[in-house]
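Convention: sequence-line order gives letters A, B, ...; per-chain numbering from 1.
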Amino acid sequence: MRIITWNINSIRLRIDHLRRLVDETDPDVILLQETKVQDHQFPEEAVNELGFTHTKFRGMKSYNGVAILSKQTLSDTGGHDWAGRDDARHIFATLPNGLEVHSLYVPAGGDEPDPTINDKFQHKLDFVSEMKSWFPANRDPKAPILLAGDLNIAPLESDVWSHKQLLKIVSHTPIETDGLNAAQAAFGWQDAMRTHTPEPTPLYTWWSYRAKDWRAANRGRRLDHIWVSPGLDGKVRTMQVLEDARGWEKPSDHAPVLVDLDL
DNA sequence: ATGGTCGGTTGCCGA
């Protein structure tokens with residue numbers, strides 16, 4: 001089973017990119033973040049025409065928004081309101097083979113890495129702190145569960161272009177990376193991307209729009225992640241960051257990440 | 001040290 005996660009940064013603007021991604025990789029399931037569309041405006045017909053006749057989505061006006069696109073039936077769907085906010089950052093569903101997939105969009109957290117003066121950073125820390133308790137309280141680690149999305153944190157030194165230069169930059173500060181590592185450990189989540197491509201190999205999924213030449217500068221960060229439960233131990237066969245998509249015309253600033261599961 | 005670019009409830013805000 002082939003699964004892709006992607007921060008698409010507006011599904012309506014990039015529906016042709018989604019078509020190209022499907023043509024080139026033929027995934028079974030696509031988990032999206034930053035769809036930036038309300039549910040009544042979701043391009044369900046265009047998605048159906050790509051072969052994804054089963055969809056679950058949760059959007060709001062202008063910001064955020066997550067979706068699950070599947071060729072097979074989706075059941076038992078829902079989404080948690082993290083940090084007490086109904087802001088369309090989480091959706092989950094179960095596939096016919098029993099695999100539960102979660103699409104998650106963690107808040108970016110603003111620019112100032114001080115929670116006492118930056119409410120957005122406090123919100124991000126609260127969100128990640130709740131990730132640590134929510135999964136153990138609501139799910140069985142022995143079950144087959146995949147959690148993927150834009151977690152907006154690059155936890156490892158080789159997840160950023162310069163560990164030293166990014167230590168005070170939101171997405172790589174110790175308070176965030178400690179929080180994410182704690183959330184991961186609390187459920188026994190396995191970092192499928194790093195199982196496949198261990199440190200110290202650099203691994204990035206996001207490159208800023210602001211670089212003159214993103215590929216030449218390569219000042220990337222690994223903000224997108226695929227985690228699998230202990231119940232899926234040994235089931236991840238391949239992993240690829242689809243960097244080419246970052247070079248398409250009018251791209252998302254995030255590259256899709258693909259895994260094949262032996263299920 | 002600074003400013004650089006996107007998308008969408010555009011003339012700003014969030015990323």
Q) Could you give the NE2-to-P distance, from His123(A) to dG14(B), as a whole number of Å? A) 12 Å

Q: Applying ring pair (Phe, Tyr, Trp, His ring centres under 6.0 Å), run through His90(A) and Trp134(A) and close with a yes or a no.
A: CA-CA 12 Å; His90(A) 181 214; Trp134(A) 192 85; 5.6 Å; yes

Q. Do the rings of Trp227(A) and Trp189(A) sit parallel, tilted or perpendicular, given the 30° and 60° boundaries?
A. tilted

Q: Give a yes/no answer on whether the side chain of Arg210(A) brings an N or O atom under 4.0 Å of OP1 or OP2 in dA15(B).
A: no

Q | Gap in Å between the two C1' atoms, one belonging to dT10(B) and one to dT5(B), rounded | A | 15 Å

(Q) When you measure from the side chain of Glu130(A) to the backbone of Ala83(A), do you find a donor-acceptor pair of N or O atoms at a distance under 3.5 Å? (A) yes

Q. Roughly how many Å is it from CG in Asp111(A) to C1' in dC6(B), rounded to a whole number?
A. 14 Å

Q: Describe the nucleic acid contact of Arg89(A) in one word from base, sugar-phosphate, nothing, applying a heavy-atom distance below 4.0 Å.
A: sugar-phosphate

(Q) Distance check needed: dA15(B) P versus Asp224(A) CG, whole Å only. (A) 15 Å

Q: Please work out if Arg219(A) contacts a base, only the sugar-phosphate, or nothing of the nucleic acid, heavy-atom cut-off 4.0 Å.
A: nothing

Q. Quantified in whole Å, what is the C1' atom distance between nucleotide dT9(B) and nucleotide dC13(B)?
A. 11 Å

Q | Plane angle bin for His123(A) and Phe127(A) - parallel if under 30°, tilted between 30 and 60°, otherwise perpendicular | A | perpendicular

Q.
For a quick check of understanding: with a heavy-atom distance under 4.0 Å over all strands, which category does Lys212(A) fall into, base, sugar-phosphate or nothing?
A. nothing

Q: Test the Lys36(A)-Tyr63(A) pair against the cation-pi criterion, namely NZ or CZ under 6.0 angstrom from the six-membered ring centroid and within 45° of the ring axis.
A: no

(Q) When the P atoms of dG3(B) and dG7(B) are compared, how many Å lie between them, rounded to an integer? (A) 23 Å

Q. OP1, OP2 of dG7(B) versus side-chain N and O of Lys250(A): anything below 4.0 Å?
A. yes

**Q.** Interatomic distance, Asn64(A) CG vs dT9(B) P [rounded to whole Å]
**A.** 12 Å

Q. If you pin Lys61(A) and Glu34(A) to their nearest nucleotides in DNA chain B, which one's is more 5'?
A. Lys61(A)

Q: When you get a sec, tell me which of dA15(B), dG14(B), dC6(B) is the closest nucleotide to the side chain of Tyr209(A)?
A: dC6(B)

Q: Can you tell me, in whole Å, how much space there is between the C1' of dA1(B) and that of dC12(B)?
A: 26 Å

Q. Over how many whole Å does the gap from His40(A) atom NE2 to dT9(B) atom C1' extend?
A. 12 Å

Q.
If I take atom CD1 in residue Ile8(A) and atom P in nucleotide dG8(B), what distance separates them, rounded to the nearest angstrom?
A. 11 Å

Q | Rounded interatomic separation in angstrom, taking NZ from Lys36(A) and P from dC6(B) | A | 13 Å

Q) Closest nucleotide of DNA chain B for Ala211(A) versus for Met60(A): which of these residues is on the 5' side? A) Ala211(A)

Q | Rounded distance (Å) that lies between atom C1' of dG7(B) and atom CG of Leu32(A) | A | 16 Å

